[in-house]
Amino acid sequence: LLHLINKSTAVSYAKKYAVNPNPSYTTYSTDCTNFASQILRSGGAPTNIMETYTASWSAAHNFETYWYSRSNSQYASGNFNTFSGNLQAGDFIIADWEKDGRYNHVAFVVASGSKTSSGYYDVTIAQHTSNYCAKVSSSVNGWENTSGTYVRLDSNERKNKEIVEK
């Protein structure tokens, strides 16, 4: 179903509302999945499956479970450096930073990036909780320094699940 979204429209929405949330939607103190669901809706995800404020709309683990089960699956293991090399605009990143099997964060890639001297690819991520649209190398995030399990969902229905151990 992710292949049905318009990547360009989704990326534009994410850039526009990453820092200042869309006033048409409720905003929560932990708003990452709500924002990711808004991105899907803006890109044209079928509204019959995108019920606003359901568990898969507003909780990272449920978002991962719902969308992962509706995509082709392919697993790989590695680290963030490898994982980031596969990211491109239109991808969702779902993270289990606590390594407990429950996903606790969702973000959206709005631009691919070049490889840094540290070995990771400096993609641009839009997210809520904290609200920003910035490159991984920016001081506002810490994706490159955080270990955990990462799932990549994209609109081409490719999926990589990589375990990042630091």
Side-chain angles (χ1 to χ4, degrees), residues 1-7 10-11 13-14 17-18 21 25-80 82-110 112 120-121 123-133 136 141-166:
L1 296 173
L2 290 176
H3 68 283
L4 299 175
I5 73 165
N6 181 309
K7 272 187 180 181
V11 166
Y13 183 92
Y17 293 110
Y25 290 95
T26 301
T27 302
Y28 301 97
S29 59
T30 54
D31 199 53
C32 63
T33 311
N34 179 34
F35 181 55
S37 296
Q38 292 172 35
I39 293 166
L40 277 171
R41 180 169 280 169
S42 75
T47 54
N48 62 325
I49 60 168
M50 287 298 301
E51 293 183 44
T52 310
Y53 310 124
T54 59
S56 62
W57 176 284
S58 56
H61 185 76
N62 295 334
F63 183 95
E64 188 276 343
T65 301
Y66 183 88
W67 288 107
Y68 192 79
S69 69
R70 286 158 177 77
S71 302
N72 296 325
S73 61
Q74 180 179 11
Y75 294 88
S77 64
N79 58 35
F80 185 81
T82 303
F83 180 80
S84 65
N86 293 313
L87 297 175
Q88 55 192 290
D91 291 348
F92 288 91
I93 308 169
I94 307 162
D96 172 11
W97 287 325
E98 296 167 5
K99 302 179 194 174
D100 62 359
R102 293 207 48 89
Y103 293 90
N104 43 26
H105 189 63
V106 181
F108 186 70
V109 178
V110 296
S112 57
Y120 64 85
Y121 289 79
V123 298
T124 303
I125 295 173
Q127 69 168 48
H128 282 183
T129 321
S130 310
N131 297 5
Y132 64 78
C133 183
V136 168
N141 67 50
W143 283 88
E144 77 282 16
N145 298 316
T146 308
S147 64
T149 302
Y150 293 82
V151 172
R152 172 182 175 256
L153 302 175
D154 79 20
S155 59
N156 294 317
E157 291 198 52
R158 285 183 315 212
K159 179 178 20 192
N160 293 318
K161 187 174 192 174
E162 303 202 11
I163 299 174
V164 179
E165 300 289 344
K166 286 196 134 203

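Scope of the values below: all heavy atoms of this structure, side chains included, with no hydrogens, waters or symmetry mates.
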Under 4.5 Å between any side-chain heavy atoms of Trp67 and Leu40, yes or no? yes
Distance from Ile93 atom CD1 to Ile125 atom CD1, nearest 0.5 Å? 4.0 Å
Stepwise side chain to side chain contact (heavy atoms under 4.5 Å, CB included) test for Arg152 and Gln88: CA-CA 10 Å; Arg152 172 182 175 256; Gln88 55 192 290; 3.1 Å; yes
Specify whether Phe92 and Phe108 have parallel, tilted or perpendicular ring planes, treating 30° as the upper limit for parallel and 60° as the lower limit for perpendicular. tilted
Check side-chain contact (heavy atoms from CB on, under 4.5 Å) between Ser58 and all other residues, then give those that pass, not counting sequence neighbours. none
Can you spot which of Thr33, Ile94, Val106 makes a side-chain contact (heavy atoms from CB on, under 4.5 Å) with Glu64? Ile94
At their closest point, which heavy atom of Cys133 faces which heavy atom of Val110, and how far apart are they? SG-CG2, 3.8 Å
So, does Asn131 use its side chain to make a donor-acceptor pair with the main chain of Pro21 at under 3.5 Å? no
Can you measure from OG (Ser42) to CG (Asn6) and round to the nearest 0.5 angstrom? 8.5 Å
Can you name the residues that form a side-chain contact (heavy atoms from CB on, under 4.5 Å) with Ala59, not counting sequence neighbours? Asn62
With Thr65 via side-chain contact (heavy atoms from CB on, under 4.5 Å) - residues at least two apart: His61
In short, Gly90 meets Val11 closest at the heavy-atom pair N-CG2, 4.1 Å
Would you say the side-chain atoms of Asn34 pair up with the backbone N or O of Gln38, donor to acceptor, closer than 3.5 Å? no
Contacts of Tyr17 meeting ring pair (Phe, Tyr, Trp, His ring centres under 6.0 Å) (sequence neighbours excluded), chain-then-number -> Tyr13
Tell me if a side-chain donor or acceptor on Thr129 pairs with a main-chain N or O of Cys32 at a distance below 3.5 Å. yes
Are Val136 and Ser84 side-chain neighbours, meaning at least one heavy-atom pair lies under 4.5 Å? no
Is any side-chain heavy atom of Tyr103 closer than 4.5 Å to one of Tyr150? no
Reported CG-to-CG distance for the pair Asp91 and Leu153, which is rounded to 0.5 angstrom: 8.5 Å
Looking at residues at least two apart in the chain, or sitting in another chain, which of them share a side-chain contact (heavy atoms from CB on, under 4.5 Å) with Thr26? Tyr28, Tyr53
Side-chain heavy atoms of Tyr121 within contact of Leu87, under 4.5 Å: no
Partners passing ring pair (Phe, Tyr, Trp, His ring centres under 6.0 Å) against His128 (at least two apart in sequence or in another chain): Phe35
